[in-house]
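The residues of the chain are indexed from 1 along the displayed sequence.
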Amino acid sequence: FLMKNNMDNQDKNQTKKVVTRFAPSPTGYMHIGGVRTALYAWAYARKHNGTFILRIEDTDKAREVEGSIQHIIDSLTWVGIKWDEGVDIGGPNAPYLQSERLASYKKYGQILVDKGFAYADPYTPEEVEAFRLKAQEEKRPFLFRDHRPENPPVWDGTQPLRFKVTKIQTTHWTDLVYGELSAGPEALDDFILIKSDGYPTYNLSHIIDDLEMGVTHIMRADEFIASTPKFLALYEALGITAPAMATLPPIMAPGGKKKLGKRDGAKDILDYKAEGYLPEAMLNFLVFIGWNPGDETELLSAEEFIAAFDVSKIHRSGGGFNVDKLNWLNRQYIKKLSSEDFWSHAKHFLHDKIEDSSDNQEMLKKIEPIIRDHIEKFSDISSMFDSGELSYFFAKPQYEVSQLLWKGSASKENTKKYLEEVIAILESLDNFSKDSVHDAVFPYADKTGRGEVLWPMRVALSGKDKSPDPFTLAEILGKEETLARLRVAKDML
């Protein structure tokens, strides 16, 4: 049965497309490293016109978090990943939820027992812990195979099922990223295949799932390197050829000395969505952590990434997480948005900031270039309102008389005179564009003193020491409102 299954599987892999998968556990937190793994596996399948599978490994019920499966789906969907088969859409290899595949694992467990590669573990957890403590006291590594029972009981599904290592040897294998790897005999031990509750361990479940789903290429994190000798021993015992394996470099925390974790600022991928990052920017950011196309390209669409993706260009060393780079990328993608798309994202961050009126909507469109130029992510719009950076466009500015005085030392009389002249100049204008206001006011300011004239004009229009130039402000506010604000300032003086 196994030989026929393996031959059928190999024949299919030779004639059918590449099959990759992403198989996360539903434990609640979707780390950016997991999303990057999914991106690489998805891109490889797409590059080779293959199949990409979303499978859920939910056999650790103690750690499962309610709602996590939908969270995984939402996370991958946000960055633009689509799968061909999966837990939510089904497919020819359903089910894609491991808890619904227990009969399959039990079947293969029994095959391994019958072939002499597995046995029922007769020991209690307390007895196993005693073995472990004794090894520790004797300062030797704990190996379960040293305590393998000579006459194990018949496996009835209520005891743990352990793999039986029949050859103690150095293991050699080829990784598509790391090249030739090996591990000594100490890496092989009698590990658990199926727990006493009937649920398989990762060691067995992913191998059986990959076999039955025809997976040809596995991409996963570097923490699985230490377990690869176990996997390879199990592949050999089952008489099947292992899929190609590509180990991905870790994502490193700032400073590059340790892997990125929650304590280093790593967040759930959907937290970035909530902060107003664009999915295109996040995809662009993640694919470059540990890979690049071999040139100076910095902006890469999903389609361009798929076309350029080459496993040989994945780095062996860890890639650094740089939020400044993410912010820079997000700015580039924000700049590319049409006005309609810009506001479709921005509107989510305007709740309770301004009244939803036609006048305010019109003003928002006018100040769109200013907002675009000052944000790295869309949540920055909320911050701009909260800090008052935008409030003066929607309400009369508030400021002290002293703020109108250039460098705080100009006289009130002169400042008032300068504003009166600016008012007179602007009253005569029919065209109130930025350029026309500039061309009318700047010669007077250049002759009288740029700071002395333009500073009080800026403050009168915005109430701020830092704001867009007064010509831009005048165009946005319009002639009537500009003159009204300038007259208020003149009267204050």
Side-chain angles (χ1 to χ4, degrees), residues 22-43 57 60 62-65 68 71-72 75-76 78-79 81 136 141-142 173 175-184 186-187 191 201-203 206 218-231 245-275 277 281-292 298 305 309 311-330 376-377:
F22 180 55
S25 298
T27 53
Y29 178 62
M30 194 63 174
H31 190 276
I32 61 171
V35 178
R36 186 194 61 174
T37 298
L39 281 169
Y40 285 8
W42 166 73
E57 297 185 345
D60 190 347
R63 295 179 61 234
E64 187 171 338
V65 176
S68 290
H71 186 83
I72 291 167
S75 299
L76 300 181
W78 177 59
V79 295
I81 297 176
Q136 184 177 337
F142 169 68
W173 72 97
D175 186 274
L176 296 180
V177 175
Y178 285 76
E180 299 302 315
L181 297 174
S182 64
E186 69 281 355
F191 54 89
T201 62
Y202 176 80
N203 297 325
H206 85 277
I218 298 173
M219 295 189 183
R220 58 187 167 204
D222 64 342
E223 62 253 30
F224 290 100
I225 288 180
S227 299
T228 301
K230 296 178 182 179
F231 305 155
M245 301 179 187
T247 299
L248 306 182
I251 297 179
M252 308 301 290
K257 294 184 178 179
K258 61 177 181 176
K259 292 183 181 180
L260 181 70
K262 290 184 179 181
R263 293 182 179 179
D264 309 298
K267 293 177 285 194
D268 188 296
I269 191 72
L270 290 184
D271 286 344
Y272 292 97
K273 177 183 179 183
E275 290 180 13
Y277 288 96
M282 180 56 72
L283 183 149
N284 197 148
F285 175 66
L286 289 179
V287 300
F288 275 90
I289 304 180
W291 173 90
N292 67 58
E298 291 187 292
F305 166 54
F309 187 62
V311 173
S312 68
K313 294 179 180 177
I314 296 175
H315 305 163
R316 295 186 182 184
S317 58
F321 181 87
N322 186 339
V323 72
D324 292 334
K325 183 67 173 182
L326 173 59
N327 289 337
W328 179 85
L329 284 168
N330 206 53
E376 294 179 327
K377 54 188 180 297

*asked:* Using modelled atom types and a 3.5 Å cut-off, is there a donor and acceptor pairing between side-chain atoms of D222 and backbone atoms of P249?
replied: no
*Taking all non-hydrogen atoms of both residues, which atom of A38 and which atom of L76 are closest, and how far apart?*
CB-CD2, 3.8 Å
_Do T27 and E64 make a side-chain contact, defined as non-hydrogen atoms from C-beta onward lying under 4.5 Å apart?_
no
*So is K267 actually on top of Y272's ring, under 6.0 Å and inside 45° of the axis?*
yes
*Would you confirm whether H315, through its side chain, and S317, through its main-chain N or O, come within 3.5 Å as a donor-acceptor pair?*
no
*So do the side chains of F321 and F285 get within less than 4.5 Å of each other, counting heavy atoms only?*
yes
*Minimum heavy-atom distance A246-V311, with the two atoms named*: CB-CG1, 4.4 Å
*Would you please indicate if the ring centroids of F231 and H206 are separated by under 6.0 Å?*
yes
*Do V35 and M282 pass the side-chain contact (heavy atoms from CB on, under 4.5 Å) test, and can you show the C-alpha distance, the side-chain angles, and the key distance before you say yes or no?*
CA-CA 10 Å; V35 178; M282 180 56 72; over 6 Å; no
*Give, for atom CD1 of I225 and atom CG of L181, the distance between the pair rounded to the nearest 0.5 Å.*
5.5 Å
*Any chance the side chains of H71 and D268 put a donor and an acceptor closer than 3.5 Å?*
yes
*If you measure from CG on L329 to CG on N284, what distance do you get to the nearest 0.5 Å?*
5.0 Å
_Which atom of H31 lies closest to which atom of L260, heavy atoms considered_ = NE2-O, 3.4 Å
_Spacing of L283 atom CG and I81 atom CD1 [to the nearest 0.5 Å]_ = 7.0 Å
_Please check this pair: side chain of R316 against backbone of V177, looking for a donor-acceptor N/O pair closer than 3.5 Å._
yes
*asked:* Looking at N330 and A281, would you say the former's side chain and the latter's main chain have a donor-acceptor pair under 3.5 Å?
replied: no
*Can you tell me how far CG of D175 sits from CG of L248, rounded to the nearest 0.5 angstrom?*
8.5 Å
*From CA spacing to verdict: side-chain contact (heavy atoms from CB on, under 4.5 Å), F288, F305*: CA-CA 10 Å; F288 275 90; F305 166 54; over 6 Å; no
*May I ask you to decide if F191's main-chain N or O and N203's side chain share a donor-acceptor pair within less than 3.5 Å?*
no
*Between E180 and S182, is any pair of side-chain heavy atoms under 4.5 Å apart?*
no
*Decide yes or no for M245 and L176: does some side-chain heavy atom of the first lie under 4.5 Å from some side-chain heavy atom of the second?*
no
*Mind listing the closest non-hydrogen atom pair of T37 and M219 along with its distance?*
CG2-O, 3.4 Å
*Given the rule in the side-chain contact (heavy atoms from CB on, under 4.5 Å) test, do Y178 and W173 qualify, once you have shown the distances and angles that lead to the verdict?*
CA-CA 10 Å; Y178 285 76; W173 72 97; over 6 Å; no
*Does the separation of the ring centres of Y277 and W78 fall below 6.0 angstrom?*
no
_Taking the side chain as everything from C-beta on, heavy atoms only, tell me whether R220 gets closer than 4.5 Å to T247._
no
_For F224, all residues meeting ring pair (Phe, Tyr, Trp, His ring centres under 6.0 Å), sequence neighbours excluded_ = Y202
*Parallel, tilted or perpendicular: which describes the rings of F309 and W291, with under 30° parallel and over 60° perpendicular?*
tilted
*Rounded distance (nearest 0.5 Å) linking atom CG of N327 with atom NZ of K377*: 5.5 Å
*Check the pair E298, K325 against side-chain contact (heavy atoms from CB on, under 4.5 Å), reporting the backbone distance first and the verdict last.*
CA-CA 10 Å; E298 291 187 292; K325 183 67 173 182; 2.6 Å; yes
*Hey, what do you get for CD1 (I269) to OG (S75), rounding to the nearest 0.5 Å?*
7.0 Å
